[in-house]
Structures are given as structure tokens and as C-alpha cells.
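As the structure is a prediction and not an experimental result, all values here were calculated from the model. A, B, ... follow the sequence lines: proteins, then strands. Residue 1 opens every chain.
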Protein chains: 4
Amino acid sequence: MTDNARRRSRERLEERERGILDAATKLFATAGFHATSTRKIAAAAGVSEGTVFHYFGSKNELMLGILDRFYNEVLNPRAAEILDTVMDTRSRLREFALHHVAALSADSALMLRLLQVYVGVELEVVGQDQLSSLRPLNRRYVGHLDRAVREGIERGDLRSNLQVRPLRDLFFGTLEYGMRTHLYHHGNEGMADYVDALLAPIWEGLHDNDRPNSDAELLTERLEKVSLRLERSVDTLEGN
Amino acid sequence: MTDNARRRSRERLEERERGILDAATKLFATAGFHATSTRKIAAAAGVSEGTVFHYFGSKNELMLGILDRFYNEVLNPRAAEILDTVMDTRSRLREFALHHVAALSADSALMLRLLQVYVGVELEVVGQDQLSSLRPLNRRYVGHLDRAVREGIERGDLRSNLQVRPLRDLFFGTLEYGMRTHLYHHGNEGMADYVDALLAPIWEGLHDNDRPNSDAELLTERLEKVSLRLERSVDTLEGN
Amino acid sequence: MTDNARRRSRERLEERERGILDAATKLFATAGFHATSTRKIAAAAGVSEGTVFHYFGSKNELMLGILDRFYNEVLNPRAAEILDTVMDTRSRLREFALHHVAALSADSALMLRLLQVYVGVELEVVGQDQLSSLRPLNRRYVGHLDRAVREGIERGDLRSNLQVRPLRDLFFGTLEYGMRTHLYHHGNEGMADYVDALLAPIWEGLHDNDRPNSDAELLTERLEKVSLRLERSVDTLEGN
Amino acid sequence: MTDNARRRSRERLEERERGILDAATKLFATAGFHATSTRKIAAAAGVSEGTVFHYFGSKNELMLGILDRFYNEVLNPRAAEILDTVMDTRSRLREFALHHVAALSADSALMLRLLQVYVGVELEVVGQDQLSSLRPLNRRYVGHLDRAVREGIERGDLRSNLQVRPLRDLFFGTLEYGMRTHLYHHGNEGMADYVDALLAPIWEGLHDNDRPNSDAELLTERLEKVSLRLERSVDTLEGN
DNA sequence: CATGAATGAGAATTCATTCAT
DNA sequence: TATGAATGAATTCTCATTCAT
């Protein structure tokens with residue numbers, strides 16, 4: 001086999017794998033893990049039943065494959081990007097929250113459901129062993145929030161007495177619960193605004209309000225100063 | 001049949017029903033809804049399989065029966081009691097939180113799992129109809145929190161600009177997520193303390209800390225004033 | 001117990017029995033024997049499940065009870081009446097046919113279905129023993145047709161060479177099959193006319209149209225004579 | 001896979017399908033549709049229970065498969081053959097009748113029962129949809145009779161005022177009812193003769209008896225003439 | 001006589017997984 | 001590598017019947 005052929009072959013394999021993952025993701029999210037048979041997945045992916053098992057070994061591993069891909073291709077890359085490009089603590093939290101919610105609620109909350117069902121519940125049923133491959137990915141993801149918090153405290157943006165663990169729960173718990181209720185009542189419509197509504201009381205509880213200069217506040221103050229100077233200019237002009 | 005006999009008969013029925021509910025609750029929570037067969041439930045309850053269906057009609061209704069009982073016998077009574085006996089807002093929230101967590105995490109988080117799995121996930125799969133019987137119970141339960149918040153605002157304990165919906169998400173979302181992670185790492189040990197750790201930043205974000213600045217709404221007001229002044233300045237300039 | 005009380009009691013029993021039979025008849029005919037549970041029958045009759053078994057012992061006997069009643073209260077009385085009051089052979093057949101069809105097709109062909117299903121098919125499954133109670137009733141019913149035919153022949157209204165067994169098949173087979181197809185396409189509408197359409201060719205084949213030739217039996221006789229003569233001829237030839 | 005392997009594979013599949021159909025046919029006919037479990041069918045066919053559903057999807061479809069095969073492989077082919085090879089109207093009806101009865105009463109009236117139970121009764125319960133696949137097959141089959149009748153009328157063999165619908169009922173109704181009673185009393189013994197006994201009065205009602213020359217009659221007359229000539233020859237010989 | 005709770009065998013059907021081709 | 005026929009255990013649920021009250 002030439003190198004070219006080899007490459008093309010590998011590409012086909014990967015395409016197939018992706019196809020199966022896509023089909024399974026959609027079906028699991030739509031109908032639930034148990035209500036989705038491997039037969040349906042195979043049919044939706046346009047492959048035979050045997051092929052699904054060729055690629056993933058079992059239905060459980062297929063689910064793990066979905067989550068693995070989600071962490072590697074969606075959750076973690078953008079989280080890292082946010083941490084690297086946004087520096088202001090408030091903005092970081094906001095971007096992170098929007099990213100988290102957008103990622104989980106895409107495709108009619110496909111991944112939200114998946115994570116809820118499988119990681120939240122079936123996981124311990126399946127056995128801890130199976131989760132082990134996911135743990136580091138999740139740890140890495142959560143680590144991004146931890147870093148934002150740590151650095152926020154260092155800069156004095158956040159209270160210095162915040163504990164990281166409760167904070168994670170506050171952040172992710174509120175977002176996921178809120179996202180769920182919002183989806184239930186309004187679908188994806190206005191989700192970003194709702195995230196802001198959720199963040200408001202959270203931020204209020206986190207930031208160090210002995211320092212009266214949140215970014216919004218600083219901006220306001222700058223505007224007020226501009227306004228004052230402008231008024232003075234106007235006065236001067238009129239006085240002339 | 002004498003009245004005595006009738007009463008004894010009814011008692012036996014209720015005892016049996018309770019037995020089935022108990023068995024099913026434990027099994028559902030331990031192994032998950034799907035992994036628990038009606039056969040196992042019957043065996044655990046010490047009745048025949050047919051009897052399970054005699055009492056509950058279907059596995060789904062059995063699950064609804066469990067949740068129904070949980071709301072009616074655990075969640076709502078104590079929530080009402082707290083609201084009636086504790087008057088201080090902060091204490092109310094704390095008691096409510098402790099009650100919620102204790103109720104859900106009892107018996108190795110039996111009910112937490114049940115609610116997560118079934119209400120959070122299967123629910124939409126099963127169809128809205130089936131949930132309808134649960135909705136009012138849930139509404140009533142959540143209503144207790146709403147009342148605490150409403151009265152807290154009236155008394156000036158809580159910021160007046162809090163919205164009820166995000167607040168629910170903040171409260172229940174944080175508690176349930178936090179309860180889950182805590183259970184995962186430490187089991188029930190030290191749960192009450194952890195609840196306090198979760199409540200701390202929440203409370204910080206909710207209560208009226210009398211500093212009338214830095215609030216988003218206040219900022220907005222200030223910005224609006226700036227805006228007005230700027231407009232006036234511009235008008236004046238243009239008037240020239 | 002007074003005689004009065006005794007009588008009233010017996011009446012109530014009979015009323016209950018009738019109620020169960022009515023309910024079962026309707027349900028069996030509507031949904032089929034197997035698709036109708038004794039529980040549904042009990043509910044429809046407004047009695048408890050146990051009561052059904054008190055009165056009929058088993059589901060099978062209940063079915064036999066229905067048929068028994070149908071023969072005794074509907075089929076046979078009117079058949080006897082027709083034979084007693086209508087004397088003309090053609091009219092007798094017509095009245096009998098109309099009666100048969102009307103009885104079977106009443107209540108959306110309730111009894112037609114019952115007879116088809118149970119007597120036609122399940123019967124041998126159930127075992128001959130169970131049928132034994134029905135046999136004499138059926139025999140009596142069919143006997144009315146036999147009598148009409150016999151007397152018709154005696155009077156010269158019908159061909160003398162008609163055999164009774166095929167005739168029954170012709171009569172009942174055509175009527176029931178025709179009734180079924182007619183019900184299927186048009187419901188009960190115009191059923192009486194259709195019975196006449198069915199009877200026309202039947203009558204044509206039965207009545208004595210005074211042309212003593214061309215009948216199969218006559219042909220046979222003639223052929224037998226030919227045969228005899230041929231044999232005789234051959235014998236004679238061989239004798240030579 | 002080589003073509004050979006492919007062919008062998010397909011053959012095995014078809015053989016298996018046939019095996020399941022055979023087993024199911026026999027069991028349904030013997031014990032009835034409801035009394036035959038899919039487990040029994042699988043066991044009788046020597047396959048696993050899952051395989052039955054792999055091939056037929058459901059017990060209902062299995063039944064439809066049986067009827068489908070019966071129409072396609074037995075009823076229709078021979079009916080078409082009769083219409084194509086036998087031209088005389090009387091003979092056509094007779095052959096058709098014999099064919100119908102023979103087909104239905106083979107294997108202890110296996111198919112008669114099947115058709116009675118399922119098509120006659122369960123059908124409307126099951127719902128019209130399921131029958132739709134059978135309807136055209138039945139229509140085609142009945143069409144053969146219609147054609148024989150139509151052409152019989154054109155040739156003047158049959159009365160010109162016959163209606164096709166009642167005629168079908170007369171024909172099939174009489175045959176099936178008669179077949180049933182005959183089977184009940186005598187089994188298959190003498191069935192063909194009985195069919196003739198049933199056809200006699202039917203034919204009497206159908207044929208155009210203004211033309212005294214049915215084929216049988218013509219044949220008889222020819223035989224009579226032969227006989228006469230033979231007798232005369234014998235006389236002559238003897239006279240010599 | 002009447003009830004209806006209790007039974008447990010049995011039904012149809014599904015499904016993840018295997019393996020010969 | 002890919003297929004898809006085959007499996008058979010497991011599942012939910014139904015039902016006629018019994019029997020203590």
C-alpha cells in the first residue's frame with residue numbers, strides 16, 4: 001500500500017468513527033441512552049451493527065467516546081482559549097459561563113442531557129473503572145475555572161476567603177440547573193441573557209466589593225468623568 | 001365484614017403498598033431505574049410480580065408513586081414547617097437548604113438520584129403527561145422558597161432587585177450539584193458544614209448589604225444620568 | 001325467608017347473570033374472545049371479578065352460556081314460529097334466511113363473529129366435550145331448515161333428489177359468507193335486499209322446474225343405463 | 001464473498017424462512033393463533049425465538065407471511081392454470097371448487113382454519129392496515145372466479161342475469177361451509193364427491209337451462225348414441 | 001352470595017453482542 | 001475491515017383463577 005493509500009484509508013476510518021459518534025450522540029440525547037438501540041445507531045450512521053462494535057467495543061464505550069470527544073473538541077479547547085485571551089475576571093467568568101451553557105445546550109441540549117444521564121447517574125452503575133478515562137478530562141475542564149478564580153483572588157477581584165470547591169458547585173450547579181429550567185420553559189431563546197441573570201447574584205457573592213471598581217463600575221466612572229469634562233467644555237463654550 | 005376487619009384489611013393494603021414503594025425506591029436509587037426489573041422489586045418487597053402491577057399498574061407509575069410519596073411525606077411537610085416556625089430570612093434559607101440536602105441525600109442519596117434520573121432526564125422522554133401529577137407537588141415545594149425570598153425582600157433582608165426564577169436555580173442548582181460532589185468525595189460526612197460553605201457565597205450575593213453602589217441597577221441609573229447629561233451637553237453644543 | 005323474598009332473590013340472580021352475559025357478549029363480539037379479559041367483563045357488567053366465576057365457572061363456560069342463550073332465546077324460537085306460521089316453501093326459506101341473517105348481524109354482527117370465532121375455530125381447541133351442550137341446540141335449529149326442505153319436497157315444491165346435508169351447507173354457507181362480505185362493504189344497510197339476491201340463484205337450483213332432464217342425478221341414471229347396456233353388449237360380444 | 005457463497009447464503013436464509021413458516025402454519029392450524037406462542041414456533045422450527053422476530057418482526061406479520069405464501073404459491077398459481085387450460089364453464093367451476101377445497105383442506109384443513117380465524121375474524125380486530133397486503137392477493141384469486149363467470153355468461157353457459165357478488169358468496173360460502181361440515185363428520189374421505197354434491201344445486205341455479213345441452217349432457221347423449229350403435233352392431237352380429 | 005387482592009405462569013418483544021462469511 | 005444473521009436471556013405486563021374475608 002502506498003503512503004497515499006494508507007492515509008486515505010485512515011481518513012475513511014476516522015470519518016466512519018465520527019459518523020457513528022454523531023449518530024449516537026443525537027440519538028442518545030433525543031431518546032435517552034437506554035431507549036436507543038445499537039441497531040438504530042448503526043442504521044443512523046449508515047453502517048452495519050457489527051461495525052459499531054468494531055469501532056467501540058460496546059455501547060458503554062461508545063458513550064464514553066462521545067463524552068471524550070466532547071471534552072477534547074468542544075469544552076476544553078474553548079475554555080483554554082477564553083482563559084488565554086480574556087483577562088478581566090468578571091469577563092472570564094461570563095465568557096466561561098456562556099461557553100459552558102452554549103456547549104451543553106447546543107442541538108436541543110444534547111450534551112446537557114448526556115452528561116446528566118450518564119455521568120450524573122448511570123456512571124456509578126456502570127462502574128468507576130469506566131469513568132477513569134473521563135476523569136482527567138473533566139479535571140482539566142474544571143481546572144480552567146479554578147485558575148480564573150485563583151487569579152481573580154490574586155488580583156483582588158474576588159474575595160480572598162473563597163473556597164474553590166463550593167465555588168465550582170455554585171458556578172456549574174447554578175448554570176446547569178438554570179439552563180435546564182430555561183430550556184424547559186423557553187428553549188434556547190434568550191439563553192445568553194438568562195445566563196447573565198444567573199451570574200448577577202453569583203458575582204455579587206463572589207467579588208470583593210470593598211473595592212468599588214468592578215469593570216462596569218470603572219467604566220461608569222470613566223464615563224462620568226468624560227461627561228463632566230464635556231459639560232465643563234460646554235459651559236466654557238457658552239460662557240464665551 | 002365488620003368495621004374492624006375492614007380497617008385491618010385497609011392497613012394491610014397500605015402496608016403492602018409501602019413495602020413495594022420502599023423496595024422500589026431502594027433498588028431504583030441503587031442500581032438505576034432501567035437496571036431494576038420489576039421482578040427484583042417484587043422479590044425485594046416479598047410479593048409476587050403480579051402484585052406490583054396490581055398496586056401500581058406499571059413501572060412508570062411505580063416511580064411516580066415514589067416521587068409522589070417523597071413530596072407528600074418528606075419534602076413538603078418539613079418545608080412548610082420551616083416557613084411556619086423560622087422567621088429570620090437567613091435562617092429560613094439555611095434550614096430549607098439543610099432540609100433539602102438531608103432529604104435528598106438520605107439513604108445514600110437515594111432520592112437525589114431518583115430525582116436526577118427520572119425528573120431531570122427520563123421525564124421528557126416519558127412525556128409530559130406522566131409528569132403532570134408531579135408538577136403541582138413540585139410547584140408547591142418550590143413555592144416555599146419563593147415565599148421566603150418574597151418575604152425577605154419585603155423585610156429588607158434581601159436585595160429588592162432579585163428575580164425569583166434565577167434565584168431558584170441558584171439555590172437548588174448549587175445545593176444539588178454541591179451535594180453530589182460532596183457525596184462523591186466524602187459521603188454524608190460533614191454534609192451540613194458543606195451546605196454552609198455553599199450558602200456563604202450565595203447569601204453574600206443575595207442579602208442587602210446596604211452599600212447602595214456597585215449594583216448593576218444602580219450602575220444603570222448612574223449611566224442613565226450620564227447619558228442624559230451627555231445628551232444635554234450635545235444638544236447645547238448643537239444649539240450653538 | 002318468605003316465598004316472596006325467595007322469588008325476589010332469584011330474580012336478582014337472573015338479572016345479574018343476564019348482565020354478565022350481555023357485557024361479555026358485547027365485548028367478545030367487539031374485541032374478540034382472547035382480547036377480552038374477565039376483568040373487563042366484570043367491570044362492564046358492574047360486578048366483581050369473582051362474581052363472574054361464581055356464575056359461570058370459567059371464561060369458556062361463559063362463552064357457552066352466551067351461545068346457549070342465543071339459541072334458546074333468539075335463533076330457535078323465531079325459527080319454530082316461522083315454520084309454524086309460514087307454509088309456502090319459498091316464503092319459508094326466505095323468512096328463515098332473513099331471520100338467520102338478522103339474528104347474526106344484529107349489534108354490528110355480534111353473534112356472527114361469536115359463532116365464527118368460537119364455534120368455527122376455537123371449538124376444537126377447547127375440546128369436543130365443551131361443545132356437547134351446544135350440539136343439540138344447533139341440531140334443533142338446523143332441523144327447522146331440514147323440515148322445510150322435507151315438506152317442500154313432499155309438496156312437490158322442491159326437486160325430489162335434493163340431499164339435505166349439502167343443502168344445509170348451501171343455505172347457511174351462502175348466507176353467512178354473503179352476510180360477511182355485505183357487512184364488510186356496506187354494513188347493515190340493504191342487508192334484506194342482499195339476502196334476496198343471494199336466495200335467487202339458490203332457489204333457482206332447488207325448486208322443481210319441471211324439466212326432468214339435465215339434472216346430474218338424472219344424467220347419472222341415464223349413464224348407468226347406458227353403462228348397463230354397454231356391459232350387456234360387451235358380454236354378448238365376448239360370449240361369442 | 002464469492003457469488004457462490006452469496007447464493008448459498010441466500011438459499012439458507014430462504015430455507016430458514018420456509019422452516020419458520022412451516023412450523024408456524026402447522027401450529028396455528030392445530031392449536032389456533034392465540035394458543036401458539038412464538039416460543040413454540042421457534043422450537044418447532046429449530047431456531048431461537050429471536051430469529052423468528054428477526055425474520056418476521058412480529059407474530060402478526062408471521063401470520064401474514066403464511067397467508068401471503070399460501071396465496072402466492074398455492075391458491076393463485078393453480079387457479080390461473082385452471083382458467084388457462086380448462087375452457088368449459090362447468091368444468092372450470094368444478095376444477096376451481098376442487099382446487100379451492102383441496103388447498104384449504106390439506107393438512108387437516110390447516111389453511112381453512114387459518115383463513116377462518118385470522119382473515120374472517122381477527123382481521124377487523126387487528127385493523128384494516130395489516131390486511132392491506134393480503135387484499136390484492138385475495139382480489140386476484142377471486143378474480144379468477146369472476147372471469148369464469150363472465151366468460152360463461154358470454155358463451156351462454158350461464159344465465160345472463162347473474163350478479164357477480166352474490167355469486168362469489170354462493171360459491172365460496174357453500175364450499176367452505178360444506179367443507180367444514182364434511183371434515184367434521186368424515187374428515188377428508190370422500191371430499192371430492194361431496195364437492196360435486198355441493199356443486200349440483202349450485203350449478204342448477206346458475207346454468208342456462210333453456211339450452212338443454214350442458215357438456216355432461218352432451219357427453220351422455222354421445223354415449224347413448226354409441227351405446228345404441230354398439231347394441232345394433234351386437235344385434236347384427238347375433239342375428240348373423 | 002359477593003368481593004377483589006393476590007398469584008405466578010406465560011406472553012410478545014427487544015437487545016447487546018458474537019461470529020462465520 | 002465490514003457485514004448482518006443469529007442468539008437467548010431478560011423485560012414489562014396480562015390474565016384466568018383462587019380464596020380469605
> With a 4.0 Å cutoff (strictly under), does any side-chain N or O of D:Tyr55 reach OP1 or OP2 of F:dA6?
yes
> Would you name the heavy atoms of A:Leu27 and A:Thr36 that are closest together and state the gap between them?
O-OG1, 3.2 Å
> Which heavy atom of D:Ala23 sits nearest to which heavy atom of D:Ala44, and what is that distance?
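Smallest interatomic distance, heavy atoms only, reads CB-CB, 3.8 Å.
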> Rounded to whole Å, how long is the line connecting atom CG of C:Leu62 with atom P of F:dT17?
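Spelled out: CG on C:Leu62 to P on F:dT17 is 10 Å.
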> For D:Arg16 and F:dA5, give me the distance from atom CZ to atom P, rounded to whole Å.
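After rounding, the gap between these two atoms is 12 Å.
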> May I have the distance from D:His54 (atom NE2) to F:dA9 (atom P), rounded to whole angstrom?
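D:His54 atom NE2 is separated from F:dA9 atom P by 18 Å.
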> Under 4.0 Å, heavy atoms only, any strand: does B:Arg12 hit a base, just the sugar-phosphate, or nothing?
nothing
> List the protein contact pattern of nucleotides 8-14 of chain E with one symbol per nucleotide (5' to 3'): B for base contact, S for sugar-phosphate-only contact, - for none; contact means a heavy-atom distance under 4.0 Å.
B--SSBB
> What's the shortest heavy-atom distance between C:Asp68 and C:Leu134, and which atoms?
N-CD1, 4.0 Å
> E:dC1 P sits how many Å from C:Ile20 CD1, rounded?
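Between P of E:dC1 and CD1 of C:Ile20: 12 Å.
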> Separation of C:Ile41 atom CD1 from F:dT17 atom C1', in whole Å?
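About 13 Å, once rounded to whole Å.
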> Roughly, in whole Å, what's the span from CD in D:Glu14 to C1' in F:dA5?
14 Å
> With side chain to side chain contact (heavy atoms under 4.5 Å, CB included) as the test, would you mind laying out the steps for D:Leu67 and D:Met111 before giving the verdict?
CA-CA 8 Å; D:Leu67 297 174; D:Met111 296 310 300; 4.1 Å; yes
> Quick check with a 6.0 Å cut-off and a 45 degree axis cone: is C:Lys59 positioned over the face of C:Phe33's six-membered ring?
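Yes, C:Lys59 lies over the aromatic ring of C:Phe33.
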> Grab the stems for DNA chain E, please: at least three consecutive Watson-Crick or wobble pairs, both distances below 3.5 Å, written as range with range.
E:2-21 with F:2-21
> Can you name the closest pair of heavy atoms from D:Leu21 and D:Thr25 and give their distance?
O-OG1, 2.6 Å
> Could you check whether D:Phe56 gets within reach of a base, just the sugar-phosphate, or nothing at all, counting any heavy atom under 4.0 Å?
nothing
> Check A:Ala35 against A:Lys40 and note the closest heavy-atom contact, atom names and distance.
O-NZ, 3.4 Å
> For the pair C:Phe56 and C:Glu17, evaluate side chain to side chain contact (heavy atoms under 4.5 Å, CB included) and give the outcome as yes or no after the intermediate values.
CA-CA 9 Å; C:Phe56 293 95; C:Glu17 186 172 317; 3.5 Å; yes
> Rounded at 0.5 Å granularity, tell me how far CZ in B:Arg18 sits from CD1 in B:Ile20.
11.5 Å
> Measure CD/D:Glu17 against C1'/F:dA5 and give the value in whole Å, please.
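Whole-Å distance recorded here is 13 Å.
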